[in-house]
Amino acid sequence: GKRKNSQDRRLTTFPRRNEGPRVAKNAHAVLSMLFEAAKAKTVSPLIAIDLERIQQIFPKIALATYWQKVNDHVLKLLHTFNCIADSPSQWTTFDRSELVHLLDSGVLTYGVTQFTSYDPVDMAKKVKESTERGLLARGYDWSVATAAAAIVVAGHGILASLPSEAIERVVGSFASSLGTRGEDFVLHQGLYQGKSEDVRIYTMIGGLGMPVERMRELASEAGTAGEG
């Protein structure tokens, strides 16, 4: 599957809280425009990094390694999705056309969660929490998503002993955790054998709206509360 040539891919950022009202006001204006463009699908995917989250997760980070953290936690993970989409599976393959469908869906968020114990309901809960706690913007309404992916990568020994029903329950619980979805919603799935004896669940959610709560915080910081 090829991507639509007319679409513009964007990686954008929410500023840190200590950058002042002028930066916040400019960011609010630019982000409002980008989220509207993503809604119209003229920008897709739109991936928003929250620089405040870097401050919270890595409070003592040196300026020299600041953007390295962004690269490690955001861009390398996106590259992993690309690698998975180019890898066949003897179970369930997440292929290139499915990744393209997500990349063409507008506002996008994603994450990965690692497990060593296998309670399906608990795993689905942790997947949602992990996706919301990453470096990407938080506060999205997942129930408006138009597409999502849940890709399970597990070690050989785990795949040999874990019932297929357990994998299906994890994916089903993740889908349920998104909330009410439209009739056109599509859940893409993948099941792969990994090199380490653990379970990693890669999730991607597309077609999201503006993260209203975070935008309100930004408007407040800018002194423009009520403008978005």
Side-chain angles (χ1 to χ4, degrees), residues 1-56 67 70-71 73-75 77-78 81-82 97-111 128 131-149 175 177-188 203-228:
K2 292 184 178 179
R3 300 204 59 241
K4 299 170 186 174
N5 292 329
S6 61
Q7 287 175 317
D8 184 12
R9 308 178 192 194
R10 287 292 182 94
L11 189 68
T12 189
T13 59
F14 281 85
R16 291 165 292 180
R17 287 205 171 92
N18 60 1
E19 293 189 58
R22 179 172 291 183
V23 169
K25 187 172 184 176
N26 290 341
H28 189 275
V30 170
L31 286 162
S32 296
M33 179 185 67
L34 286 173
F35 281 115
E36 283 300 315
K39 185 178 180 181
K41 304 289 179 19
T42 53
V43 167
S44 190
L46 175 61
I47 299 166
I49 299 167
D50 195 338
L51 300 183
E52 182 66 23
R53 294 289 298 150
I54 300 179
Q55 293 285 98
Q56 292 169 357
W67 290 105
V70 172
N71 184 60
H73 286 256
V74 177
L75 301 181
L77 182 52
L78 189 59
F81 279 96
N82 267 298
S97 66
E98 291 173 299
L99 178 59
V100 166
H101 179 235
L102 281 153
L103 294 177
D104 286 344
S105 67
V107 179
L108 195 69
T109 191
Y110 51 88
K128 190 171 191 293
T131 305
E132 291 177 330
R133 281 203 307 259
L135 299 186
L136 299 183
R138 68 193 189 285
Y140 291 113
D141 177 3
W142 288 19
S143 69
V144 303
T146 58
S177 75
L178 295 176
T180 306
R181 302 173 302 280
E183 59 183 22
D184 294 330
F185 174 82
V186 178
L187 177 65
H188 300 291
T203 49
M204 186 174 273
I205 305 148
L208 297 164
M210 187 182 293
V212 176
E213 182 184 341
R214 186 67 181 93
M215 288 294 285
R216 281 179 184 154
E217 289 176 6
L218 194 58
S220 178
E221 292 159 28
T224 56
E227 291 183 15

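Just so you know, residue 1 is the first one in the sequence shown, and it goes up from there.
Pairing each heavy atom of F35 with each of M215, the nearest pair is CE1-SD, 4.3 Å. Smallest separation of non-hydrogen atoms from S105 and G206: OG-CA, 3.2 Å. Of all heavy-atom pairs spanning A145 and I205, the tightest one is CB-CG2, 3.6 Å.
Between the side chain of Y110 and the backbone N or O of V74 there is at least one donor-acceptor pair closer than 3.5 Å.
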Full working for side chain to side chain contact (heavy atoms under 4.5 Å, CB included) between M204 and L78: CA-CA 10 Å; M204 186 174 273; L78 189 59; 3.9 Å; yes
Apply side chain to side chain contact (heavy atoms under 4.5 Å, CB included) to N26 and V30, showing your working. CA-CA 6 Å; N26 290 341; V30 170; 5.5 Å; no
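The line from CG of D104 to OG1 of T146 is 10.5 Å long, rounded to the nearest 0.5 Å. Rounding to the nearest 0.5 angstrom, the gap separating the CG atom in L31 from the CE atom in M33 is 9.0 Å. For the atom pair CG of L136 and OG1 of T109, the computed distance is 4.5 Å after rounding to the nearest 0.5 Å. We find the CZ-OG distance between R216 and S220 to be 11.5 Å, quoted to the nearest 0.5 Å. Note: I49 CD1 to F14 CZ = 11.5 Å, rounded to the nearest 0.5 Å. Taking CG of L218 as the reference point, atom OG of S32 lies at 8.0 Å (rounded to 0.5 Å).
With salt bridges taken as basic N to acidic carboxylate O contacts below 4.0 Å, one links E217 and R138.
Side-chain contact check for E221 versus H28: every heavy-atom pair is 4.5 Å or farther apart. Within the 4.5 Å cutoff, the side chain of L99 has heavy atoms near those of the L103 side chain. For the pair L178/F185, a side-chain contact is recorded, criterion being any heavy-atom separation below 4.5 Å from C-beta on.
Under the side chain to side chain donor-acceptor pair (under 3.5 Å) criterion, T203 pairs with T131, not counting sequence neighbours. Looking at residues two or more places apart in sequence or on another chain, you find a side-chain contact (heavy atoms from CB on, under 4.5 Å) between D141 and S143, V144.
Counted within 6.0 Å of CD on Q56, heavy atoms from surrounding residues, nucleotides or ligands total more than 12; the atom is thus considered enclosed.
The aromatic rings of H188 and H101 sit perpendicular to each other, their planes meeting at more than 60°, with 30° as the lower class boundary.
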